[in-house]
Amino acid sequence: MGMNRLFTRLVIPMLLLMLYVPQAVAQKKGKEKPFTVVIDPGHGGVDPGALGRKSKEKDINMNVSKLLASMIDDKYPEVKVIFTRTTDVKIPLVQRADIANKANADLFISIHSNASKSKTANGCETFTLGAGSSVEAKAAAMYENEVILSENNFEEIYKGFDPRSSESYIIFELIRNHDMELSAEIAQMVQVGMVKESKLTNRGVSSAGFLVLHRTVMPSILVELGFITNSKDENLIASKEGQKKLAKGIFEGFSKYYEIYGQKKEKSNDKPVVKTNESKTNTAVPQKEVSKDKPVFKLQIFASSSKLAPGDKRFKGEKAQYYTENGVYKYTIGESNSYEEIQQIKKNLSEKFKEAFVVAFLNGKKINTQEAVKISQKQK
Ligand SMILES: [Zn+2]
């Protein structure tokens, strides 16, 4: 092979390769979907939402939503923020969820303000989708769902769901996918932030049958900023200063979540390491042998970005285990091959761990809880 031919046959392709490979990688990286959050300012247009003495819910929701978006944009310009509405228009609930689904969003945050017949009811609260953890939570969901009554063709679109009938809410008793866990985590983070910044009464995190959350297919929460019907709450949530505080609180929760789940951590995926936390305290939870080739159910009580000491007071005297997922320590209590048994444990511990939920493992790997229930029913 002469020098010239060697050059054309080997060197040129090599040079081309050197030129093209980094470019190809760069291109691929650029195409990666950005972390996308959909912000949903509740109500709008002819639907003002709840009314206070001097303010309308729709305006408060919008102001806080916009503040939140600009805070996200400032600190995390790489995050894509999508609004369900940016102007004063009425948008059907189903369309709000569709916007998030079509955008393949990573997170959905619906922002509302609460209302009550009782003028003394007050405080901020964050909801995830669920059966309804209290009478008040159910009432809040019913109230927010009623907006569909004024939507065109609502019977057909929502398949006969009557927002005023408690029987309709049975559909929310069904277990949903793993997004529920992430929803519970972001809800907790947002609630902590809001309380810290606004100093409003902490009504905690609850679950209830919010239609808008039911329709979305990603981690989703609904925030109730405060009670527009309570004069003290209204003074805060209708003021510029108060809205800034609330947006900052929600943003702090978002940041915490985004720092953990936003940047893709591929390393620790899929292989949850299950370890028992040594604890001297005895517990009411029965400790039985479980067979690992059948689905194992556990009660997840909370997650932490750092590993906790065995006697940490957050375990409230219970013996906890943990597994890691995406670099996060997730603490669980109890383990059983019986879903019913773990539900009973959940009930027994509902005072101590209000936001606990059931997770499932098979052969040491985490699986979808609903799937696990199906498998264990077949095995019976
Ligand atoms: Zn509302």
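Order of listing sets the numbers, starting from 1, for every ligand and every atom in it. Bear in mind that the values here come from a model prediction, so they are computed numbers and not experimental data.
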>> Counting neighbours of NZ on Lys232 that are heavy atoms of other residues, nucleotides or ligands and sit closer than 6.0 Å, is the number greater than 12?
In response: no

> Would you say the ring centroid of Tyr257 lies under 6.0 angstrom from that of Tyr261?
Replying inline: yes

> Does one side chain, of Lys54 or Asn235, offer a donor that lies under 3.5 Å from an acceptor on the other?
Replying inline: yes

>> So, 2.8 Å as the limit: is an N/O/S atom of Glu224 located closer than that to the Zn ion (ligand 1)?
In response: no

> What is the OE1(Glu144)-the Zn ion (ligand 1)-OE2(Glu57) angle, to the nearest 10 degrees?
Replying inline: 170°

> the Zn ion (ligand 1) is nearest to which N, O or S atom of His112?
Replying inline: ND1

> Is the distance between the ring centroids of Phe35 and Tyr76 less than 6.0 Å?
Replying inline: no

